[in-house]
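See structure below.
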Amino acid sequence: MADLETPEKLTVDLLAEIAGVSDLASLEAVRIRALGQNGVVTRLMKGLAALPPEERKAQGQANNAVKRAVSQAIETRKGALDAAALEARLAEERIDVTLPVRPEATGFIHPISQTMDELMAIFGEMGFTVAEGPDVEDDFHNFTALNIPEDHPARQMHDTFYLPSDGAGTAKLLRTHTSPVQIRTMMSTPPPYRIIAPGRTYRCDSDITHTPMFHQIEGLVIDKATHMGHLKGCLEDFCRAYFEVDDLPLRFRPSYFPFTEPSCEVDIGCARAGGELRIGAGDDWLEILGAGMVHPNVLVNCGLDPGVWQGFAFGLGIERVAMLKYGIPDLRTFFESDIRWLSHYGFAALDQPSLVGGLAR
Ligand code: DAH
C-alpha cells in the first residue's frame, strides 16, 4: 500500500515506474496516479494535517522532496519521449524529392487575345494609343457620322443587329464595325490623334467564313500634314512586323468606303501551292485590310475643319489575320470553346507577347 510507504521508498518506486514507461499515454497515467487529485503524492501531502505539529516540518520537507523529484522525472521523461516520437515521424515520413511532379492543368491564351496583344504591341511601338467604344451603338456613330446616311446603299453591306426600339423611335444596334470609335474619339478630344481600337463587332451572318460576332481593329491618324504616304508607310511597317516577313510585298488596290476618300484595300503577297498558303512568297495576293484618307464629311461631322486637319484610317479583321499567321483553317472554331482546340492553337499564359510574332511554346 502506497500509504504505508516511506517517502524515500515511494520516490524510488515512482522513479522506477517513470523510467519504465515507453509512451506518452503511460507516462500520463503514472502522473495522474502520483500527482493527480487523488494521487499518492497528493494524499501524502494531505496527510500532513493529521500529524502532531512537531513532526510536520520534517515530514513536510520530505514530502516536498518526493513531489519535486517525481515532477522533475516526469518532465524529463516526457522530453525524451517527445523527441523519440519526432524522430520516429521523421524517419517514417521521408519525402522522395526525386519523384516527378504530377502535370498541372494550365490555361492558354486564346489566339484572339494573343493576336490583339501583338497588334497593340506593334502599333504601340509606332506611338498609337488604345481607344475604346461601346458594343451597343447608335445609328449616328455607327453610320450617319461615318458618311453613311439613312438611304445610303452602303448600309445594306452591313447586316445589322438592331435592339428593340426604346419608344422614341431610335433603336440601338450592335456595332457592325469598330469605325464608330473614330467618331467617338474625334468628338470627345481635340486632335491630333493616333489611336487604334480593337474590339468586338457584330453582323447577322453565319457560314464557314462568317460568325455573328467577330473582332476588328480600327486605326485613326489625324494631324495637320498627314497624307497618303504616311498611310502606306504605316501599313507597310505594320504588315511586315505582324507577319514577320521583312520584304513582304504589299499592294494598295483602289476601293470604296463611304468614310474614306480615296479608299483602298491592302493585299499582301503570297503563294498558294498544293493547298498550302505561304505569306511573303510567290506571285499571288491576299486581301488583308481596308483603309483610306478620312473623308472630309466625316471630319466636318465631328466638328473638325478639313482645311486644317487630315488623316487616314484603317480597319482589319482580327480573326482573319490570326488564321493566316497561325494556320487556323476554320473561323467558327474560334468560338466553340473546345479545350482541345485551345490547347492546340492557344498560347502559353505566363510569357509576355513579343513585339512581333507569336510566343514560343
Ligand atoms: N469599317 C470597315 C468594315 O468593317 C473597315 C474599314 C475600312 C475601316 C476602311 C476603316 C477604313 O477605318 O478606312 O468593313
Side-chain angles (χ1 to χ4, degrees), residues 1-111 113-114 116-117 120-121 337-355 358-361:
M1 274 289 274
D3 286 13
L4 298 178
E5 286 181 287
T6 63
E8 292 72 20
K9 175 76 171 45
L10 187 58
T11 308
V12 171
D13 287 353
L14 284 171
L15 293 191
E17 252 188 273
I18 290 164
V21 300
S22 56
D23 59 82
L24 288 163
S26 316
L27 181 64
E28 179 62 4
V30 176
R31 189 190 66 78
I32 292 170
R33 231 174 333 110
L35 305 172
Q37 249 181 6
N38 207 22
V40 283
V41 178
T42 313
R43 291 212 308 271
L44 198 64
M45 306 295 267
K46 287 181 184 161
L48 275 185
L51 290 181
E54 62 276 17
E55 288 178 29
R56 270 187 215 160
K57 186 171 180 203
Q59 188 64 39
Q61 279 173 353
N63 289 356
N64 278 335
V66 177
K67 191 177 177 186
R68 221 176 306 122
V70 170
S71 306
Q72 205 165 37
I74 288 175
E75 267 320 295
T76 310
R77 189 74 191 126
K78 186 169 182 305
L81 289 175
D82 277 341
L86 181 63
E87 276 306 314
R89 255 188 76 192
L90 287 176
E92 195 178 307
E93 295 179 5
R94 189 172 308 139
I95 295 169
D96 184 353
V97 293
T98 64
L99 278 178
V101 291
R102 286 193 201 97
E104 251 181 56
T106 47
F108 296 97
I109 303 289
H110 195 283
S113 307
Q114 165 71 21
M116 279 197 189
D117 282 350
M120 288 190 279
S337 303
D338 184 335
I339 294 291
R340 290 164 305 171
W341 181 89
L342 189 58
S343 64
H344 182 82
Y345 287 111
F347 293 84
L350 293 176
D351 300 301
Q352 290 298 308
S354 64
L355 175 58
L359 299 172
R361 285 287 293 272

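It should be emphasised that the depicted structure is a prediction, and the values quoted were computed from it without experimental measurement. The chain is numbered in sequence order, starting from 1.
A distance of 8.0 Å separates OG of S343 from CG of D338, quoted to the nearest 0.5 Å. Residue I74 holds its CD1 atom at 9.0 Å from CG of L15, rounded to the nearest 0.5 Å. Here the CG-CD distance, from D13 to E8, works out to 11.5 Å after rounding to the nearest 0.5 Å. The NZ atom of K46 sits 9.0 Å away from the CZ atom of R43 when rounded to the nearest 0.5 Å.
R33 contributes no side-chain N or O that, together with a main-chain N or O of V40, makes up a donor-acceptor pair within less than 3.5 Å. Between the side chain of T42 and the main chain of G36, a donor-acceptor pair closer than 3.5 Å is present. No donor-acceptor pair closer than 3.5 Å links the side chain of S26 to the backbone N or O of S22.
Applying the salt bridge (Lys or Arg N to Asp or Glu O under 4.0 Å) definition to pairs two or more places apart or across chains, those involving residues 72-86 are K78-D82. Sorted by first and then second residue, the pairs that involve residues 60-74 and meet side-chain hydrogen bond (donor to acceptor under 3.5 Å, both in side chains), not counting sequence neighbours, are Q59-N63.
Take S113 and apply the side-chain contact (heavy atoms from CB on, under 4.5 Å) test, not counting sequence neighbours, and it matches I109, H110. For the side chain to side chain donor-acceptor pair (under 3.5 Å) test, residues two or more places apart in sequence or in another chain that qualify with E93 are R89. E55 meets the side-chain contact (heavy atoms from CB on, under 4.5 Å) test with L51, P52; sequence neighbours excluded. For D96, the side-chain contact (heavy atoms from CB on, under 4.5 Å) partners at least two apart in sequence or on another chain are T98, L99.
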Legend entry - V41 and L14: CA distance, side-chain angles, deciding distance, side-chain contact (heavy atoms from CB on, under 4.5 Å) verdict: CA-CA 10 Å; V41 178; L14 284 171; 3.8 Å; yes
Inset, instruction - Apply side-chain contact (heavy atoms from CB on, under 4.5 Å) to L81 and D23, showing your working. - result: CA-CA 6 Å; L81 289 175; D23 59 82; 5.5 Å; no
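Residues P111 and L342 meet the side-chain proximity criterion, which asks for heavy atoms closer than 4.5 Å.
Atom CD of Q37 sits in a sparse spot, with 12 or fewer heavy atoms from other residues, nucleotides or ligands closer than 6.0 Å.
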